[in-house]
Amino acid sequence: MSYSEDVVISKLSSINETQEAIVNIAQWVLFHRRYADQTVKTWAKALNDAPAHRKLGLVYLANEVVQQSRARKREEFLKAFSPSIAGALENAYRQCNADLQGKIRRVVDVWRQRIVFSDDVLKDIETRLDDADKKKPKQISGGRRIGQGMSFSLGLPLELSKLATAHSDVNSKVNTLGEAVSSANKLYSAVTEADALPAPMEYASQIEKVLMSVNSALKASEDMLKSRQELIRQLQSLVSVNKAALESETCQHGVLEEKKQKAIDLQKDVSDMILGNISEPSNDDTNHDHANSDDSSKPVDEEDKIVVPEPVYKPLSDTKPSEDKAQALSGLEGLDPALVNFLSSLGEKDSASTPSVS
């Protein structure tokens with residue numbers, strides 16, 4: 001984030017007494033150390049304008065910045081705070097109650113122990129605080145100082161307090177300007193519209209009075225113009241800061257909407273997974289059920305019955321070979337013996353060549 005007075009005011013107005021807030025803002029301030037003088041001036045004004053309950057956070061911020069600067073051997077903020085730290089703390093001290101005053105004292109004691117500032121600066125701080133203790137605090141009930149606008153007693157943010165101050169300044173000058181202009185117009189009309197001119201010396205005196213009155217009115221008018229311009233500047237600054245914040249917050253809102261939708265989708269996916277595991281049986285149970293279902297519903301076909309196949313080869317007769325041979329030879333009676341022997345030998349060869357079946 002780039003450096004500007006408005007950014008510094010915004011950060012200072014958001015500070016509180018928590019360590020995280022103080023350290024984060026202090027780191028940002030230290031990063032922009034080349035603007036140390038401007039930052040310290042803005043801090044001093046913020047400390048003066050802040051309500052009592054917010055002053056301690058600003059004091060703690062200054063403490064963090066100067067101690068970190070000393071530890072890092074950076075002199076920018078130590079030099080920037082040295083001329084104004086005593087007066088700033090005195091004003092804050094006077095506007096705080098006893099409890100807050102004690103805490104401010106402890107911060108100063110730490111600076112003394114660790115030699116954060118020079119002896120002259122520390123002595124000036126302690127002298128001012130001691131003087132403040134001797135005098136009656138210039139504040140009334142509700143934490144509002146005499147002459148301070150109601151907006152400060154209400155604990156408004158710093159940027160609104162600046163706006164309220166500018167608005168109060170304009171209002172306070174309205175009557176002054178009106179009276180000055182009315183007086184100048186009255187004197188001018190009396191001198192320039194007179195029926196008869198007075199003596200030269202008296203006339204010169206009257207003209208001198210008119211000039212003084214007009215100059216007074218001009219001065220009041222110039223003050224009003226400056227105050228009005230400051231009020232407009234504060235309004236524009238407030239609008240600018242809020243426009244930038246609106247843009248950032250709109251972007252953040254969109255990111256949150258996306259995260260919400262993703263979370264909803266993820267929730268739906270997980271819910272579907274849980275419901276799916278409950279409704280679907282396991283694979284073993286499914287296979288077992290399918291097997292049982294198939295066995296019970298499938299009809300038994302005739303083709304599925306066990307059929308013992310017929311043997312491929314069966315002997316023509318169960319009679320013994322010797323009986324077959326004797327029967328065959330009996331049909332050859334009356335033939336030539338040599339022919340019978342020949343036919344008989346052929347039969348033996350056929351019998352020998354036929355494979356046996358077991």
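- Using a 4.5 Å cut-off between side-chain heavy atoms of Ile, Leu, Val, Met, Phe, Trp and Tyr, with links allowed through other members, Val239 and Leu246 fall into different hydrophobic clusters.
- Between Ala217 and Leu177, the closest heavy-atom pair is O-CD1, 3.9 Å.
- Side-chain contact check for Tyr35 versus Val8: every heavy-atom pair is 4.5 Å or farther apart.
- Here the straight-line distance linking atom CD of Gln68 with atom CG of Asn63 works out to 9.5 Å at 0.5 Å rounding.
- When every heavy atom of Leu122 is checked against every heavy atom of Arg112, the shortest pair comes out as CB-NH2, 3.6 Å.
- Within a 6.0 Å sphere centred on CD1 of Ile115, other residues, nucleotides and ligands contribute 12 heavy atoms or fewer.
- Between the side chains of Tyr188 and Ser213, no donor-acceptor pair of N or O atoms lies under 3.5 Å.
- Counting all heavy atoms, side chain and backbone alike, Ala46 lies closest to Leu12 at CB-CD1, 3.9 Å.
- Lys173 contributes no side-chain N or O that, together with a main-chain N or O of Ala220, makes up a donor-acceptor pair within less than 3.5 Å.
- For the residue pair Gln261 and Asp265, a side-chain donor N or O sits within less than 3.5 Å of a side-chain acceptor on the partner.
- Remark: the backbone N or O of Gln38 is paired with a side-chain donor or acceptor of Thr42 at under 3.5 angstrom.
- Under the 4.5 Å side-chain heavy-atom criterion for ILVMFWY residues, no single connected hydrophobic cluster contains both Ile22 and Val110.
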Report the C-alpha distance between Val29 and Lys11 in whole Å, list the side-chain angles of each, state the deciding distance to 0.1 Å, and finish with yes or no for side-chain contact (heavy atoms from CB on, under 4.5 Å). CA-CA 10 Å; Val29 169; Lys11 287 185 175 293; over 6 Å; no
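- Using a 4.5 Å heavy-atom cutoff, the side chains of Arg70 and Val66 are not in contact.
- The same ILVMFWY cluster, assembled from side-chain heavy atoms under 4.5 Å apart, contains both Ile207 and Leu187.
- Rounding to the nearest 0.5 Å gives a distance of 11.0 Å between OG of Ser183 and NZ of Lys209.
- Within the 3.5 Å criterion, the main-chain N or O of Leu211 finds a donor-acceptor partner in the side chain of Asn215.
- Scanning all heavy atoms of the two residues, the minimum distance from Arg105 to Glu126 falls at NH1-O, 4.4 Å.
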Identify each donor-acceptor pair in which a side-chain atom of residues 74-87 lies under 3.5 Å from a protein atom, sequence neighbours left out, and give them as a table.
{"residue": "Ser82", "atom": "OG", "partner": "Leu78", "partner atom": "O", "Å": "2.6"}

With side-chain contact (heavy atoms from CB on, under 4.5 Å) as the test, would you mind laying out the steps for Leu256 and Lys260 before giving the verdict? CA-CA 6 Å; Leu256 291 174; Lys260 175 185 176 182; over 6 Å; no
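- Judged by distance alone, the side chain of Ser182 and the main-chain N or O of Gly178 form no donor-acceptor pair under 3.5 Å.
- Once rounded to the nearest 0.5 Å, the distance linking CD of Gln101 with CG of Leu129 reads 8.5 Å.
- Formation of a donor-acceptor pair under 3.5 Å by the Asn242 side chain with backbone atoms of Leu238 is found in this model.
- Taking a 6.0 Å sphere around CZ of Arg233, one finds it holds more than 12 heavy atoms contributed by other residues, nucleotides or ligands.
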Run the salt bridge (charged side-chain N to carboxylate O under 4.0 Å, His left out) check on Lys268 and Asp272 step by step: do they pass? CA-CA 6 Å; Lys268 183 177 182 301; Asp272 292 343; 3.3 Å; yes
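- Comment: Lys226 does not engage Glu230 in a salt bridge, judged by the lack of any side-chain N to carboxylate O separation of less than 4.0 angstrom.
- Under the 4.5 Å side-chain heavy-atom criterion for ILVMFWY residues, no single connected hydrophobic cluster contains both Val181 and Val214.
- The shortest non-hydrogen separation linking Ala52 to Gln95 is CB-O, 3.4 Å.
- For Glu5, the salt bridge (charged side-chain N to carboxylate O under 4.0 Å, His left out) partners at least two apart in sequence or on another chain are Lys162.
- Between the NZ atom of Lys259 and the CG atom of Leu266 there is a distance of 14.0 Å, given to the nearest 0.5 Å.
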Before you tell me yes or no, could you show the steps for Asp37 and Lys41 under salt bridge (charged side-chain N to carboxylate O under 4.0 Å, His left out), namely the whole-Å CA-CA distance, both residues' side-chain angles and the distance that decides it to 0.1 Å? CA-CA 6 Å; Asp37 291 336; Lys41 290 179 182 178; over 6 Å; no
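- Taking the side chain as every heavy atom from C-beta outward, Leu231 and Leu235 approach each other to under 4.5 Å.
- Formation of a donor-acceptor pair under 3.5 Å by the Ser216 side chain with backbone atoms of Met212 is not found in this model.
- Listed by chain and number, the residues in a salt bridge (charged side-chain N to carboxylate O under 4.0 Å, His left out) with Asp99 are Lys103 (sequence neighbours excluded).
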Assess whether salt bridge (charged side-chain N to carboxylate O under 4.0 Å, His left out) is satisfied between Lys243 and Glu247, documenting all intermediate values. CA-CA 6 Å; Lys243 280 185 176 180; Glu247 182 178 354; over 6 Å; no
Using the rule given for side-chain contact (heavy atoms from CB on, under 4.5 Å), can you reason through Leu47 versus Trp43, listing the C-alpha separation, both sets of side-chain angles and the distance that settles it, and then say yes or no? CA-CA 6 Å; Leu47 182 63; Trp43 171 87; 3.6 Å; yes
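- Remark: the Asn16 side chain and the Thr18 side chain contain an N/O donor-acceptor pair separated by less than 3.5 Å.
- Between Met224 and Val170, the closest heavy-atom pair is CE-O, 3.5 Å.
- Taking CD1 of Ile25 as the reference point, atom CD1 of Ile15 lies at 4.0 Å (rounded to 0.5 Å).
- There is no path of hydrophobic side-chain contacts, each under 4.5 Å, that joins Phe31 to Val65.
- Note on ring orientation: taking the six-membered ring where Trp is involved, the planes of Phe117 and Trp111 are perpendicular (angle over 60°, cut-offs 30° and 60°).
- Rounding to the nearest 0.5 Å gives a distance of 8.5 Å between CG of Asp6 and OG of Ser10.
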